[in-house]
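Taking it in order: structure first as structure tokens, then the write-up.
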Amino acid sequence: MSSFLEKNRRTHRCHELRGENLGDEVILMGWVDSLRDHGGRRFIDLRDREGLTQIVFKPETDDKLHQLAHELRNEWCIGVRGVVEDRVANGGSENPKLVTGTIEVNVLELEVFNRSVVPPIQVEDQIETSEEKRLQHRVLDLRRPKMQKTFKLRHRIAQATRNFFDREGFLEVETPILVKYTPGGARNFVVPSRLNPGEFYALAESPQLYKQMLMMAGFDRYFQIVKCFRDEDLRGDRQPEFTQIDVEMSFGVEEDIQTIMEGLVQQIFRESLGVEVATPFKRMSYQECMDRFGSDKPDLRYGLEHVTLNETLGKFDGGGVPFFKSTLDEGGLIKAMVVPAQYKLSRADGDKLEDFVKGLGAAGLGRAKVGADGAWTQSPFAKLISDDARLALNSACGAQEGDLLLLQFGNAKKVHMVMSALRQHLANTLGIIDALGDDTKWHLHWVTDFPLFEENEEDGTFGAAHHPFTSPQVGHEDKLTSDPASCLARAYDLVLNGNEIGGGSVRIHDDKVQAKVFDAMSISEDDKEAKFGFLLEALKYGAPPHCGIALGLDRLVMLLRGTTSLRDVIAYPKTQKGTDLLTGAPTPVDLKQLQEVHIASIAKKN
RNA sequence: GGGGCGGUAGUUGAGUUGGUUACAACAUCGGCCUGUCACGCCGAAGGUCGCGGGUUCGAGUCCCGUCCGCCCCGCCA
């Protein structure tokens, strides 16, 4: 051990020293952040987790030390003992950018704990480096103050969560990561069992069934900050392993769990950002979200609402536009959006928007500039559409002179996807998001009344829209057999600024209802027993009514931190192909290792 | 599975119609400098143009393939 550390213990962190510490002898530890060598005066900003402190080496204090300081380089890890002095009194000036900017530490003793080779990326907030390089050199990347700020925020959020649930009587209980493999739903990561040849665990997609069984076991209120694993294709906001704030409670209905979660979110905002969010949050049905915004997680901070034109144009049998008529005849959807005249979109702007939607897979972008008397220009439909239909359409959309109408028609799912993406795109490119004031910066709302099932377009079978343990709405039980498509669920999502940050439901606690739901999804008796027999069994012993939710912690941190990538808020994230550029995972394993777990690889070698 | 963008000194970028020794900034190295804090000044070094193949007298530039990263659609009960 260095003799320096034996004699000296850190007295302060690098954000702490102030004018009142003048004359104190202090000991700081950290990294060389920047060097300014004036020959007779050598200045260094010393950095630790909390901030920067300027340290200075002077020949008149210690000539040898001053010579030695010339050797120091960026990112060396050092410790110093010195005296706090006033910068101005020393003939310098204050640095208003630093909280420690009025003082400096005149170094009496220096210890180099470790030198650094020249860092491949610079440890500075403002230097932009490719994400690939940052992930390769994650240790250096994580040294950047921005990153450390992120993880302090993440810690605050996790602590606020634990404090909140503790106060509300929730128990944190750990559930297994190695779980029973069940096909269907998200793809599982599989783990071979050495002790059981040919058999596999799955990594838990979520603790869903375990938390429900905790309710059946009488735990009453549970939460867990828990890692979950899904082997699906990745996105900026999707990682193969991610963290959920997982919650379940007995004897509650939607209102109860929603109120509790509103309290949690309120506390998280308060303790992490110092922002007060108002409760209760707005509630909006799934159907209304889709109609008005084309999304089940709409951003409600701005307008640009969609208008469904099927009824209006149906009255005119398509109004003379063949595309409209064929869409109506085929049971498709026609939607429009109005970009108000104030945004002054040119024909060229419209072309760019068309390129944007084509990039999403749209055939094109229907357009019309509304003129005086409701006439249309810059539109392929202008000469086709009848006057009556055009005026009715203008009126349905509330379009005024100078406005730009944007239209999509065809397959409903695609129309919604394209129009929703277009709405977000416009909000960003027209500066609507940037113009939001502080009081409208955060918008939270619940989406309710989801369908219980999703129909498979290929074979007409039904799958669970949320998960198969979600309760149908009161009075909808008969629809499980008569009309599954119209059966609504007691499910709810929490949306923050157009991002789904959580979702949950009231669960089924009646084994007969659970069996009917499985039937609606065409799950055979054998499958029921094989996959979920343990749950059906547990439901037989006095299962309490219960409900729950899970919030995506990573996504929440991402939004509160103002970034658009989960990789910015996970210390060691994976790339879009699921690799870890820092360690090189995944890698092949030794043949011996494979044999031990009774596995043979059929992958072709590169 | 599909679409799009990108890969050039340590880093971020420029590089025209295919044509001399591939350029700039920052970083690095050496020297000078007693009040800097994006320190300054002088000087130097630094390149498998992702990789492989092709076209050509000649390829960073054109063509084919491939790898990697990012964004999006599908997918994510």
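Every heavy atom of this structure was used, including side-chain atoms; hydrogens, water molecules and symmetry mates were not. In what follows, chains carry the letters A, B, and so on, assigned in the order in which the sequence lines appear, proteins first and then strands, with residues in each chain numbered from 1.
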Length of the CD1-P vector between A:I55 and B:rG35, whole Å: 19 Å
Sticking with atom [atom1], work out how far [N] lies from [M], rounded to a whole angstrom.
{"N": "B:rC32", "M": "B:rG50", "atom1": "C1'", "value": "41 Å"}
{"N": "B:rG47", "M": "B:rG13", "atom1": "C1'", "value": "15 Å"}
{"N": "B:rU11", "M": "B:rA27", "atom1": "C1'", "value": "7 Å"}
{"N": "B:rC29", "M": "B:rG10", "atom1": "P", "value": "15 Å"}
{"N": "B:rG54", "M": "B:rG7", "atom1": "P", "value": "24 Å"}
{"N": "B:rU56", "M": "B:rC62", "atom1": "C1'", "value": "10 Å"}
{"N": "B:rA22", "M": "B:rA59", "atom1": "P", "value": "14 Å"}

Would you check if the distance from the ring center of A:F450 to the ring center of A:H466 is below 6.0 Å?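 Ring centres of A:H466 and A:F450 not closer than 6.0 Å.
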Taking the ring of A:Y201 and the ring of A:Y181, is the distance between their centroids below 6.0 Å?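 No - the distance between ring centres of A:Y181 and A:Y201 does not fall below the 6.0 Å cut-off.
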Per [X] side chain, nearest of listed nucleotides [options]:
{"X": "A:K133", "options": "B:rC71, B:rC33, B:rU12", "answer": "B:rU12"}
{"X": "A:T575", "options": "B:rG69, B:rU12, B:rG74", "answer": "B:rG69"}
{"X": "A:F43", "options": "B:rC70, B:rU36, B:rC72", "answer": "B:rU36"}

At less than 4.0 Å, is any side-chain N or O atom of A:K358 found next to OP1 or OP2 of B:rG3? Yes or no. no
Under-4.0 Å side-chain N/O to phosphate OP1/OP2 contact, A:K577 with B:rC68: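 Looking at the OP1 and OP2 atoms of B:rC68, one of them is under 4.0 Å from a side-chain N or O of A:K577.
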Can you check whether any acceptor in the base of [N] is under 3.5 Å from a donor in the side chain of [X], or vice versa?
{"X": "A:R238", "N": "B:rC75", "result": "yes"}
{"X": "A:R567", "N": "B:rG69", "result": "no"}
{"X": "A:E104", "N": "B:rG35", "result": "yes"}
{"X": "A:N95", "N": "B:rC37", "result": "yes"}

Pairing partner of [N] (Watson-Crick or G-U wobble, both distances under 3.5 Å):
{"N": "B:rA22", "value": "none"}
{"N": "B:rU56", "value": "none"}
{"N": "B:rG6", "value": "B:rC68"}

Reading RNA chain B from 5' onward, which residue's closest nucleotide shows up sooner: A:S565 or A:A465?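 On the 5' side of the pair lies A:S565.
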Using heavy-atom distances to pick each residue's nearest nucleotide on RNA chain B, tell me which of A:G92 and A:A464 is more 5'. A:G92
Over all strands shown, is A:G101 touching base, sugar-phosphate only, or nothing at heavy-atom distances under 4.0 angstrom? nothing
Are A:H467 and A:R507 close enough that a side-chain donor and a side-chain acceptor fall under 3.5 Å?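 A:R507 and A:H467 do have a side-chain donor-acceptor pair below 3.5 Å.
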Please check if any side-chain donor atom of A:T175 sits under 3.5 Å from a side-chain acceptor atom of A:Q224, or the reverse.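 Yes.
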Under 5.5 Å and under 30°: A:H38 stacked on B:rU36: no
Taking the side chain as every heavy atom from C-beta outward, state whether A:Y286 and A:P451 have any pair of such atoms under 4.5 Å apart. yes
